[in-house]
*Asks:* 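Can you keep this structure in mind? I'll have questions shortly.
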Amino acid sequence: MGKIVTMVGYCHTKCKPFGIQWLHEGDSYTAVGSYSVSGSGDDAQNKEMHGNFYVSPQYKCRHCDNSSVFMCGNCGTIGCWDGVSQRVTCKNCNYEQNLGGTITDAKGSSGQ
């Protein structure tokens, strides 16, 4: 059984922070759940995460039900994503970017 690692992301639709639970198994991290957070949650971003990142079919953003994620190319914040849009704006730093590629590195916090 893997270990749960958490990180804070921002809802792309509602501009609110939320927690993301990643199941860490081997060199893979799979987004399996989300939860409400208060404040910015910056204290939760202290574990280096390296590997392959996936999203489970059951995953949904806590605020808007988007079923995927993207990483900001400027600040590294994870945001929820509708899985369709090709251009997004990070709700943390307002950086606009075209989407492409895969997530291979991120920061989170150790969990269970």
Side-chain angles (χ1 to χ4, degrees):
M1 183 70 172
K3 181 170 141 178
I4 296 292
V5 178
T6 61
M7 71 170 48
V8 174
Y10 279 86
C11 176
H12 188 248
T13 304
K14 306 231 174 156
C15 302
K16 294 181 179 181
F18 68 99
I20 305 169
Q21 295 171 317
W22 299 87
L23 178 61
H24 180 204
E25 294 180 303
D27 67 348
S28 295
Y29 294 87
T30 304
V32 294
S34 66
Y35 58 94
S36 296
V37 297
S38 58
S40 67
D42 288 339
D43 57 336
Q45 312 294 97
N46 60 12
K47 180 184 182 338
E48 296 287 331
M49 300 162 58
H50 306 284
N52 301 304
F53 287 76
Y54 305 98
V55 177
S56 77
Q58 296 79 25
Y59 174 83
K60 300 283 184 206
C61 170
R62 182 52 133 203
H63 300 295
C64 72
D65 288 338
N66 274 342
S67 60
S68 197
V69 298
F70 74 94
M71 177 180 272
C72 176
N74 184 53
C75 72
T77 295
I78 297 289
C80 71
W81 176 48
D82 62 14
V84 177
S85 302
Q86 294 300 307
R87 187 159 182 83
V88 296
T89 301
C90 175
K91 299 307 179 185
N92 185 51
C93 72
N94 293 318
Y95 180 72
E96 289 187 49
Q97 66 187 43
N98 291 319
L99 294 179
T102 58
I103 300 172
T104 58
D105 297 291
K107 289 186 180 181
S109 65
S110 295
Q112 306 160 0

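No experiment lies behind these values; they were computed from the predicted model shown.
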*Asks:* How long is the span from the NZ atom in Lys14 to the CG atom in Asn66, to the nearest 0.5 Å?
*Replies:* 10.5 Å
*Asks:* Closest heavy-atom contact between Ile78 and Met7?
*Replies:* CG1-SD, 3.2 Å
*Asks:* Looking only at atom types and distance, does a side-chain atom of His63 sit under 3.5 Å from a main-chain N or O of Pro17, one as donor and one as acceptor?
*Replies:* yes
*Asks:* Can you give me the closest heavy-atom contact between Phe18 and Tyr59, atom names plus distance?
*Replies:* CE1-OH, 3.2 Å
*Asks:* What are the two closest non-hydrogen atoms of Val84 and Gln86, and how far apart are they?
*Replies:*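 Closest approach of Val84 to Gln86: O-NE2, 3.1 Å.
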*Asks:* Can Tyr29 be reached from Tyr54 by stepping across I, L, V, M, F, W or Y side chains whose heavy atoms are under 4.5 Å apart?
*Replies:* no
*Asks:* For Asn92 versus Cys75, what's the shortest heavy-atom pair and its separation?
*Replies:* ND2-SG, 3.3 Å
*Asks:* Looking at Ser34 and Lys60, would you say the former's side chain and the latter's main chain have a donor-acceptor pair under 3.5 Å?
*Replies:*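 Confirmed, Ser34 side chain pairs with Lys60 backbone.
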*Asks:* For Asp105, does its backbone N or O pair with a side-chain atom of Glu48 as donor and acceptor, under 3.5 Å?
*Replies:*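 Here the side-chain-to-backbone pair does not exist.
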*Asks:* Do Ile20 and Trp81 sit in the same hydrophobic cluster, where Ile, Leu, Val, Met, Phe, Trp and Tyr count as joined when their side-chain heavy atoms come under 4.5 Å apart?
*Replies:* no
*Asks:* Can any side-chain N or O of His24 pair as donor or acceptor with the backbone N or O of Gly26 at less than 3.5 Å?
*Replies:* yes
*Asks:* Apart from Tyr95 itself, what residues make up its hydrophobic cluster when side-chain heavy atoms of I, L, V, M, F, W and Y under 4.5 Å apart count as a link, directly or indirectly?
*Replies:* none
*Asks:* What distance do Cys64 atom SG and Lys16 atom NZ have between them, rounded to the nearest 0.5 Å?
*Replies:* 10.5 Å
*Asks:* Could you tell me which non-hydrogen atom of Cys15 sits nearest to which non-hydrogen atom of Lys91, and how far apart they are?
*Replies:* SG-CD, 3.6 Å
*Asks:* Shortest non-hydrogen contact from Ser67 to Val55?
*Replies:* O-CG1, 3.3 Å
